[in-house]
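Report on the following structure.
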Amino acid sequence: MKISEGPAHVGCFIFFLLPMVSGVQLQVQDKHVVMDNGILQVTLSNPEGIVTGIQFQGIDNLLEVRNAEYDRGYWDLVWSKPGKKGTKGTLDRIEATNFTVIVENEEQVEVSFTRLWNSSLEGQVVPLNIDKRFIMLHGSSGFYTYAIFEHLGEWPAFNIDNIRMAFKLNKDKFHFMSIADNRQRLVPLPDDRLPGRGQVLAYPEAVLLVNPVEPEFKGEVDDKYLYSCKSQDIRVHGWICADPPVGFWQITPSIESRSAGPLKQYLASHVGPTSLALFHSVHYSGADLILRFGHSEPWKKVFGPIFIYLNSLSNEDDPLLLWEDAKQQMIFEVQSWPYDFPASKDFPQSDQRGTLHGRLLVEDRYINMDYIAANGAYVGLAPPGNAGSWQRECKGYQFWARANADGYFYIDHIRTGNYSLYAFVPGFIGDYKYDFNITIIEGSYIDIGDLVYKPPRNGPTLWEIGIPDRYAAEFYVPDPDPKYINKLYVNHTDRYRQYGLWERYAELYPDEDLIYIVNQSDYRKDWFFAQVTRKKDNQTYEGTTWQIKFELDNVNESAVYKLRLALASAHVSVLQVRINDPSTEPPLFSTGQIGKENTIARHGIYGLYWLFNVDVPGALFVKGNNNTIYLTQALSGSPFRGVMYDYIRLEGPPLPPCNSSNNN
Ligand SMILES: *[C@@H]1O[C@H](CO)[C@@H](O)[C@H](O)[C@H]1NC(C)=O
Ligand SMILES: *[C@@H]1O[C@H](CO)[C@@H](O)[C@H](O)[C@H]1NC(C)=O
Ligand SMILES: *[C@@H]1O[C@H](CO)[C@@H](O)[C@H](O)[C@H]1NC(C)=O
Ligand SMILES: *[C@@H]1O[C@H](CO)[C@@H](O)[C@H](O)[C@H]1NC(C)=O
Ligand SMILES: *[C@@H]1O[C@H](CO)[C@@H](O)[C@H](O)[C@H]1NC(C)=O
Ligand SMILES: *[C@@H]1O[C@H](CO)[C@@H](O)[C@H](O)[C@H]1NC(C)=O
Ligand SMILES: *[C@@H]1O[C@H](CO)[C@@H](O)[C@H](O)[C@H]1NC(C)=O
Ligand SMILES: *[C@@H]1O[C@H](CO)[C@@H](O)[C@H](O)[C@H]1NC(C)=O
Ligand SMILES: *[C@@H]1O[C@H](CO)[C@@H](O)[C@H](O)[C@H]1NC(C)=O
Ligand SMILES: *[C@@H]1O[C@H](CO)[C@@H](O)[C@H](O)[C@H]1NC(C)=O
């Protein structure tokens with residue numbers, strides 16, 4: 001990613017408010033440790049290493065002082081013993097037992113809070129050594145934090161569902177949240193979610209505000225999943241206090257330590273007011289993303305660093321300038337990556353990392369006899385695996401870049417180690433993987449040359465529905481029920497971020513399921529964004545069967561046709577395919593039960609990517625306009641079950657090689 005010039009280290013809006021900037025001071029008290037650089041003062045509990053106070057611009061504490069000290073600013077994880085089903089584990093706020101000063105001088109303070117594991121803790125504490133670090137620099141309006149997790153020796157197996165750092169801000173002060181230019185708003189109070197003020201909807205995270213403290217929120221739905229973000233977009237987010245005008249921001253200069261690649265969705269901020277830095281979660285992915293470690297499996301990973309940035313304004317200025325300034329600071333932090341000041345040898349600096357560049361081309365003779373530049377391709381290094389395995393990969397680091405219009409890509413700041421090179425290309429189905437492993441050593445500068453991706457393709461396109469881009473956003477997304485609005489997403493590009501859209505299906509198709517007629521229907525209007533269940537009387541839900549009707553000018557009965565079914569998400573679903581006879585048993589094809597992504601309930605438009613390639617014997621088709629493909633989502637029982645399609649294509653039988661590009 002190329003980023004334009006950044007500002008000076010200290011945010012441009014605060015310099016004029018600063019008193020003389022002193023060196024960084026560290027005070028070690030009996031129960032607390034205080035870092036102070038004259039701009040802000042950060043208090044951590046000793047030896048637990050929980051952020052209990054942040055003093056800035058005359059505000060004694062930006063954090064929620066009504067919360068117990070352990071419930072203000074903390075790293076936490078959710079873990080379980082192996083064999084446990086589902087994704088519910090034990091929350092651990094990682095209270096450290098040992099405090100150590102790592103660096104202490106005028107320019108920088110770095111402190112460490114560690115918790116070491118030994119077998120006397122077996123079953124009670126996650127078997128990891130954890131080292132939480134906090135850094136304050138001279139003249140810097142904020143502080144950095146990172147954490148090092150390590151599993152050693154003969155230690156037991158375990159699972160982790162969630163790893164994050166959370167800050168709970170003072171609810172009297174922080175009322176305005178910003179996670180993107182077009183995703184920012186005043187938010188309700190946490191009290192508004194309580195009984196009497198809020199009414200819990202179909203699952204507990206979703207609350208209808210019936211009697212909020214501020215009447216302007218009445219009738220809106222609050223749900224933290226309305227504010228989830230794609231990993232690659234979570235670079236800066238936070239909260240604004242209007243009086244005095246102060247911003248609290250989390251800046252993530254690199255997503256290398258987050259699980260599961262650039263598209264993985266994470267929570268960022270929610271009513272509380274809470275600001276989150278997620279490094280690992282199962283949201284929008286399900287149990288496939290539980291981090292599972294075996295007995296004695298060696299593992300070490302550094303999460304972060306992230307930067308907690310604070311800024312302020314004079315009272316007359318528009319508080320939104322704080323957001324603009326935070327974005328500038330984010331650019332500066334990205335340009336400074338990898339940081340040269342973290343003291344841990346586990347965080348490699350710039351000259352200890354490597355670079356890889358090259359060009360990706362696509363070969364699809366049914367579209368073009370020439371190679372096609374992989375415009376906008378995602379190209380990444382992740383631990384060795386199969387094509388597409390990166391979207392479920394959580395243990396290592398991932399390094400991604402986008403190709404330019406000519407397919408050239410440049411991946412920098414790669415840690416040393418062995419990787420596979422993966423890619424996927426908007427506009428084409430499937431996943432690319434380079435045939436060989438790639439080893440990065442210190443200072444590597446690899447030019448891998450031209451790579452060619454041959455996406456799955458057997459014959460000419462007879463018809464297609466949607467755009468192969470891993471999202472269902474191009475399909476029909478209904479307006480929400482007026483009872484369940486979140487005003488932020490009215491008339492918004494992310495229309496799908498509304499509560500209860502699943503219920504609209506049965507309203508739109510009360511008597512008969514969706515029928516799509518090739519060459520007449522328009523997928524933007526006539527293909528509902530999710531194949532959800534249908535509500536029957538009295539809270540029961542049944543599976544649905546959608547039909548695609550089309551004409552074939554001629555049919556080769558002895559040839560094999562290919563149906564490409566690319567899914568953008570699945571939740572406890574079985575998708576079956578039948579041709580021209582809805583009662584065929586068994587169906588021509590079934591996915592078996594797939595998915596635990598909860599994308600429908602969480603207002604997403606994608607979860608994990610699934611590609612199914614179905615052979616259809618030509619003998620099942622008929623010449624003329626009487627062909628129907630029946631797509632049945634067979635599992636019933638919940639409103640949140642179902643699949644989202646990314647793209648569907650029917651390919652005719654292969655053409656002789658020299659004639660491939662004649663068609664389409
Ligand atoms: C605490 O950390 C210091 C410095 O790393 C180390 O010397 C000491 O042994 C540790 N104490 C415990 C109880 O782990
Ligand atoms: C194991 O850890 C516990 C808790 O930190 C500590 O009290 C105990 O001394 C440790 N045992 C050994 C053998 O290090
Ligand atoms: C990378 O792979 C090579 C060859 O398979 C092996 O010798 C080396 O130890 C591996 N390096 C790491 C860091 O795993
Ligand atoms: C790539 O590395 C993985 C893990 O080390 C190994 O299992 C695999 O055989 C390697 N593949 C090739 C092509 O060398
Ligand atoms: C929706 O947004 C468009 C473009 O921003 C604007 O012109 C239009 O007035 C908006 N409609 C409503 C109902 O807010
Ligand atoms: C609807 O279901 C609930 C719970 O299963 C049951 O108590 C109730 O009697 C049912 N109502 C009707 C009209 O069937
Ligand atoms: C769609 O229409 C085109 C021409 O309008 C026709 O050639 C084609 O066969 C039709 N396809 C289907 C699947 O009906
Ligand atoms: C029909 O398909 C078969 C099997 O692919 C092929 O051998 C045959 O040439 C095809 N017939 C026509 C008329 O294209
Ligand atoms: C179309 O196909 C259905 C069964 O798939 C059959 O019942 C119907 O008679 C056919 N119609 C025509 C006009 O061929
Ligand atoms: C290839 O296409 C050309 C023109 O489109 C046609 O004349 C020729 O018969 C085709 N050859 C084969 C082997 O189908």
Side-chain angles (χ1 to χ4, degrees), residues 148-152 256-257 261 291-294 296-302 338 344-349 351-356 358 365-366 379-399 411 413-423 431-446 448-449 451-453 456-462 551-564 579 588 613-624 627 650-664:
I148 306 160
F149 287 20
E150 187 168 24
H151 190 239
L152 282 172
E256 67 182 30
S257 58
L291 260 164
R292 294 176 202 278
F293 293 92
S296 307
E297 182 178 340
W299 182 61
K300 189 185 227 181
K301 188 167 175 180
V302 177
S344 170
K345 62 178 181 352
D346 292 317
F347 182 75
Q349 307 208 338
D351 59 354
Q352 297 170 301
R353 296 175 177 235
T355 298
L356 179 145
R365 299 289 188 229
Y366 289 95
V379 188
L381 294 177
N386 300 325
S389 59
W390 57 269
Q391 68 169 346
R392 291 179 174 80
E393 201 292 316
C394 312
K395 291 182 180 172
Y397 302 91
Q398 299 200 20
F399 302 88
I411 308 173
H413 311 316
I414 311 162
R415 284 170 160 261
T416 58
N418 291 330
Y419 298 93
S420 291
L421 175 67
Y422 303 96
D431 273 286
Y432 171 81
K433 185 196 153 191
Y434 184 58
D435 285 341
F436 305 98
N437 288 341
I438 288 174
T439 300
I440 299 288
I441 59 168
E442 287 190 7
S444 285
Y445 189 83
I446 299 173
I448 201 149
L451 308 174
V452 176
Y453 174 45
R457 167 72 85 176
N458 274 45
T461 299
L462 300 181
E551 178 177 347
L552 291 176
D553 293 340
N554 47 61
V555 172
N556 182 343
E557 293 197 353
S558 53
V560 174
Y561 293 65
K562 269 281 184 197
L563 178 66
R564 309 282 180 189
I579 311 289
L588 173 68
N613 305 296
V614 182
D615 285 345
V616 184
L620 292 179
F621 288 130
V622 293
K623 184 169 161 37
N627 289 290
L650 183 65
E651 294 169 11
L655 296 178
C658 59
N659 278 25
S660 323
S661 73
N662 289 350
N663 218 305
N664 196 14

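Scope of the values below: all heavy atoms of this structure, side chains included, with no hydrogens, waters or symmetry mates. Whatever order the structure lists them in is the order used to number ligands and atoms, beginning at 1.
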Short question: side chain of Lys300, backbone of Leu152 - any donor-acceptor pair under 3.5 Å? no

Give me the one residue out of Val614, Leu563, Val616 that meets side-chain contact (heavy atoms from CB on, under 4.5 Å) with Ile579. Val616

Protein residues having a heavy atom less than 4.0 Å from any atom of ligand 3: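 Lining ligand 3 at under 4.0 Å, by heavy atoms, one finds Asn418.
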
Please verify the inter-ring angle class for His151 with Phe293; under 30° counts as parallel, over 60° as perpendicular, anything in between as tilted.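 Correct class here is tilted.
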
Heavy-atom closest contact (Asp615 atom, Leu588 atom, distance): O-CD2, 3.8 Å

For a quick check under 3.5 Å, do Asn556 and Ser558 share a side-chain donor-acceptor pair by atom type?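 Checked: Asn556/Ser558 side chains pair up, N/O donor to acceptor below 3.5 Å.
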
Under 4.0 Å from a heavy atom of Ser558: give me the atoms of ligand 8 that qualify, with their elements.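 Reading through ligand 8 atom by atom, the close ones are 1 (C), 2 (O), 3 (C), 4 (C).
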
Close-contact set for ligand 8 against Asn556 heavy atoms, below 4.0 Å: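 Heavy-atom distances to Asn556 below 4.0 Å select 1 (C), 2 (O), 3 (C), 8 (C), 10 (C), 11 (N), 12 (C), 14 (O).
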
Taking the six-membered ring for Trp, are the ring centroids of Phe436 and Tyr434 within less than 6.0 Å of each other? yes

So, using side-chain contact (heavy atoms from CB on, under 4.5 Å) as the criterion, who are the partners of Pro348 when residues are at least two apart? Gln352, Arg353, Arg415

